[in-house]
Amino acid sequence: MFSHELSPAVRGLYEERKTEAPQALARVRSGSRVLVGSGCAEPERLVAALVDRAPELSDVEVVHLLTFGRSDYVDPGFERSFRHNAFFIGGNVREAVQAGRADYTPIFLHELPDLVRHGRRVDVALLQLSPPDRHGFCSLGIHVDIQRAALESASLVIAEINPNMPRTFGATSVHLSELDAVVEVDTPLLELDVPDEPDEVSVRIGGLVARLIPNGACLQLGIGSIPNAALRFLQDKKELGVHTEMFSDGLLPLIEQGNVTNAHKEVRPGKTVTSFVMGTHTLYDAVHDNPRVSFYASDFVNDPRVISRNDQVCAVNSALQVDLTGQVAADSIGHRFYSGIGGQVDFIRGAAMSRGGRPIIALPSTAKGGSISRIVPQLAEGAGVVTSRGDVHFVVTEYGVAHLHGKTIRERALALISVAHPDFRQELINDVVRRHYVAADEQVIAQARDPYPVDWEQARSFGDREYLVRPLKASDERRLQELFYRHRPETVYSRYFAAKREMGHREAAELCCVDWRDRMAFGIFEVDGERSLVAVGRYEFDPREGLADIALTVHEDHRRLGMARYLYGRLEAYARAQGFKGLRGEVLPDNRAVIELHRSLGHQLSWTGQGGPVAWEVRF
């Protein structure tokens with residue numbers, strides 16, 4: 001099979017171990033715990049030979065991470081011979097788990113290798129490897145994850161040797177001496193189809209996720225339409241790094257085009273670090289013999305302490321449901337177990353500990369064709385909390401971004417309602433009122449029913465810093481108060497034309513609870529978690545004259561950066577989009593800087609005299 005490339009000693013070692021699948025699997029005994037190789041590296045011929053032995057076997061526990069190949073051992077009629085234990089529930093075993101013919105073990109993925117070595121020690125490992133090199137080393141190829149731990153603990157290791165398995169770098173080497181039997185196969189690796197175009201909802205979510213990812217970020221993105229859509233929006237980002245549990249074909253363009261350099265990573269700089277890949281043959285060809293991609297076991301890649309050593313880790317994970325306090329259900333739909341904990345919490349916590357990191361939960365606002373909301377008053381009965389409310393920082397749907405970290409329950413609920421599907425917002429509002437998260441007479445209720453104009457969010461640089469410009473939301477009330485109390489007295493006087501000393505809850509709520517049409521406000525936020533509001537521009541529409549009255553303030557520490565000019569431009573563009581006739585406002589006569597700004601913008605100025613304000617106006 002390998003002709004002259006193998007030395008006589010290696011060839012002899014190989015020939016000693018070479019056999020056929022039935023003979024190799026004949027060594028499996030009743031009561032054994034058998035680990036099946038993961039994902040697209042499942043050794044299907046070995047699995048078939050194991051199932052063929054069903055009449056001779058009893059009480060064999062079959063364990064594995066997610067697999068995509070055959071899983072006959074969970075079929076009805078095999079209960080006496082096999083019992084499957086899923087560490088992550090895939091579509092090929094889901095019905096068996098839900099029907100009670102198979103088990104599910106919830107566990108953080110970074111802890112799973114240790115469980116395989118010690119807690120649920122594996123007796124038999126069934127793997128699929130590359131052919132050996134001239135030194136006798138095979139490669140684990142596209143899946144290392146928990147397979148390395150199985151190699152170390154199993155007393156019987158049987159491997160398919162497949163020339164289609166890529167040779168990969170990292171902790172992937174397996175010497176022939178570590179194998180007890182090898183079975184030659186020559187079959188294509190299992191593939192996952194990658195849709196040509198993500199659906200519209202995924203595109204909107206992907207675009208919003210991409211806005212949260214800065215240049216130089218270290219990425220963790222899983223598989224599916226939302227991660228693939230997000231990756232398409234990152235082609236203008238620079239100096240990205242990758243430290244991820246897995247990746248698929250969607251990452252390849254960013255690597256090939258030079259967006260991914262891994263130059264700023266602390267952990268394995270210059271390398272794309274992963275535990276496994278799943279996708280098409282294009283992906284497998286890309287990682288074959290590629291020293292820029294390194295594969296390591298899950299107890300390294302998924303360790304939150306390792307993850308956090310990289311700066312600006314942006315971890316994007318999915319969910320089945322999110323409740324109004326921020327709790328995330330990701331492995332079960334009510335009492336029915338659906339998938340697994342996997343690496344979600346590993347990366348959410350690793351990103352949270354990373355300097356400048358951003359833990360992100362991204363999900364469509366609805367399921368089942370729009371008939372049910374994924375943002376819910378409480379998780380379905382029996383649903384488990386995979387990611388706690390304390391771990392969640394950002395929740396993204398097609399309707400916007402809810403920033404939850406450090407927010408009160410009231411603020412969290414309002415933020416999540418604002419990104420829920422409009423058809424379900426009234427139901428969610430009724431619930432938060434009933435639970436006394438918000439008062440029944442608060443104005444936030446009216447705003448929560450309106451569609452938030454997410455397309456008007458924009459990341460923008462002022463000076464040498466990044467900011468987020470977006471419409472104000474009800475959940476910004478406290479940040480608006482904080483901006484007011486940080487102002488110097490003269491700034492407050494210039495904005496309100498009075499020596500105003502306080503901004504109470506009711507006033508702040510009214511100012512934030514704009515309707516996004518006749519009453520509109522844009523805020524400029526420090527981009528790191530929207531910690532601080534630094535500038536606000538707003539208008540109120542006068543339907544009698546068709547004009548919108550403008551007011552604007554910029555914090556003293558952020559002036560002379562172009563924020564005021566930019567906010568005027570955003571308000572004008574938004575007013576034009578609403579069909580208004582123009583804008584107008586007033587400024588105190590001693591506020592020379594703002595008067596000059598209006599002149600430079602071409603606004604018509606008029607002074608009432610006798611110490612009165614200077615009025616300005618612009619008609620469209």
Side-chain angles (χ1 to χ4, degrees), residues 210-216 236-238 356 401 403 453-473 476 479-480 482-488 490-496 511-512 514 516 520-540 548-578 580 582-605 613-620:
R211 293 182 190 177
L212 295 172
I213 298 174
N215 291 326
D236 62 340
K237 304 292 183 179
K238 300 175 182 178
V401 178
H403 176 226
V454 66
D455 292 339
W456 285 82
E457 291 188 352
Q458 186 178 56
R460 185 174 175 85
S461 296
F462 294 99
D464 59 355
R465 296 180 60 186
E466 288 285 323
Y467 296 84
L468 175 67
V469 185
R470 64 165 174 79
L472 287 192
K473 306 176 185 178
D476 295 321
R479 266 138 295 285
L480 183 63
E482 291 169 349
L483 174 61
F484 173 83
Y485 288 110
R486 291 200 311 271
H487 280 318
R488 291 197 289 263
E490 55 268 29
T491 298
V492 174
Y493 191 89
S494 293
R495 164 64 179 86
Y496 295 98
L511 291 171
C512 287
V514 295
W516 299 317
M520 182 59 181
F522 284 99
I524 300 181
F525 295 82
E526 290 184 310
V527 76
D528 186 9
E530 301 178 35
R531 292 178 302 175
S532 295
L533 178 62
V534 300
V536 176
R538 66 176 64 252
Y539 74 60
E540 293 214 19
D549 292 295
I550 295 286
L552 187 148
T553 184
V554 177
H555 189 267
E556 296 86 350
D557 294 343
H558 293 79
R559 291 178 181 171
R560 293 176 290 279
L561 297 174
M563 289 186 178
R565 181 182 294 272
Y566 176 78
L567 283 174
Y568 278 122
R570 290 300 276 176
L571 289 166
E572 180 175 332
Y574 199 88
R576 286 179 182 274
Q578 310 311 312
F580 298 169
L583 306 175
R584 67 187 179 191
E586 294 181 335
V587 57
L588 292 177
D590 59 351
N591 196 341
R592 304 307 303 173
V594 174
I595 290 173
E596 289 304 317
L597 173 61
H598 284 295
R599 282 202 178 101
S600 70
L601 291 169
H603 298 165
Q604 181 180 343
L605 299 172
V614 176
W616 64 269
E617 185 175 300
V618 58
R619 296 274 180 165
F620 303 150

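It should be emphasised that the depicted structure is a prediction, and the values quoted were computed from it without experimental measurement.
Annotation: side chain of Arg460 is in contact with side chain of Tyr566 (closest heavy-atom distance under 4.5 Å). Residues His558 and Glu526 have side chains in contact (heavy-atom distance under 4.5 Å, counting atoms from C-beta outward).
To the nearest 0.5 Å, atoms CZ (Arg584) and CZ (Arg619) are separated by 8.0 Å. Rounding to the nearest 0.5 Å gives a distance of 13.0 Å between CZ of Arg211 and CD of Glu466. A distance of 11.0 Å separates CG of Asp476 from CG of Leu483, quoted to the nearest 0.5 Å. The distance from atom CD1 of Ile595 to atom CG of Asp590, rounded to the nearest 0.5 Å, is 8.0 Å. Between the CZ atom in Arg470 and the CH2 atom in Trp456 there is a gap of 16.0 Å [rounded to 0.5 Å]. Atom CD of Gln458 is separated from atom CG of Leu468 by 9.5 Å, given to the nearest 0.5 angstrom.
Across all their heavy atoms, Pro471 and Phe522 have their closest contact at N-CD2, 3.9 Å. Considering all non-hydrogen atoms of both residues, Trp616 and Ile550 come closest at CZ2-CB, 3.6 Å. Across all their heavy atoms, Cys512 and Leu480 have their closest contact at SG-CD2, 3.8 Å. Taking each heavy atom of Met563 and Ala535 in turn, the nearest pair found is SD-CB, 4.2 Å. Scanning all heavy atoms of the two residues, the minimum distance from Ala564 to Leu597 falls at CB-CD2, 3.8 Å. Here the closest non-hydrogen pair linking Pro613 and Pro589 is CA-CD, 4.1 Å.
Applying the salt bridge (charged side-chain N to carboxylate O under 4.0 Å, His left out) test to every pair with at least one member in residues 552-576, sequence neighbours left out, gives these pairs: Glu572-Arg576.
The backbone N or O of Leu511 lies less than 3.5 Å from a partner atom in the side chain of Arg538, making a donor-acceptor pair. A side-chain donor-acceptor contact under 3.5 Å links Trp516 to the backbone of Leu472.
Among residues two or more places apart in sequence or in another chain, the ring pair (Phe, Tyr, Trp, His ring centres under 6.0 Å) test is passed with Tyr539 by Phe580. Every residue two or more places apart in sequence or in another chain that forms a side chain to side chain contact (heavy atoms under 4.5 Å, CB included) with Pro214 is listed here: Ala217, Gln312, Cys314.
Val614 pairs with exactly one of Val594, Leu588, Val587 by the side-chain contact (heavy atoms from CB on, under 4.5 Å) rule, that one being Val587.
Surrounding CD of Glu490 are more than 12 heavy atoms belonging to other residues, nucleotides or ligands, all under 6.0 Å away.
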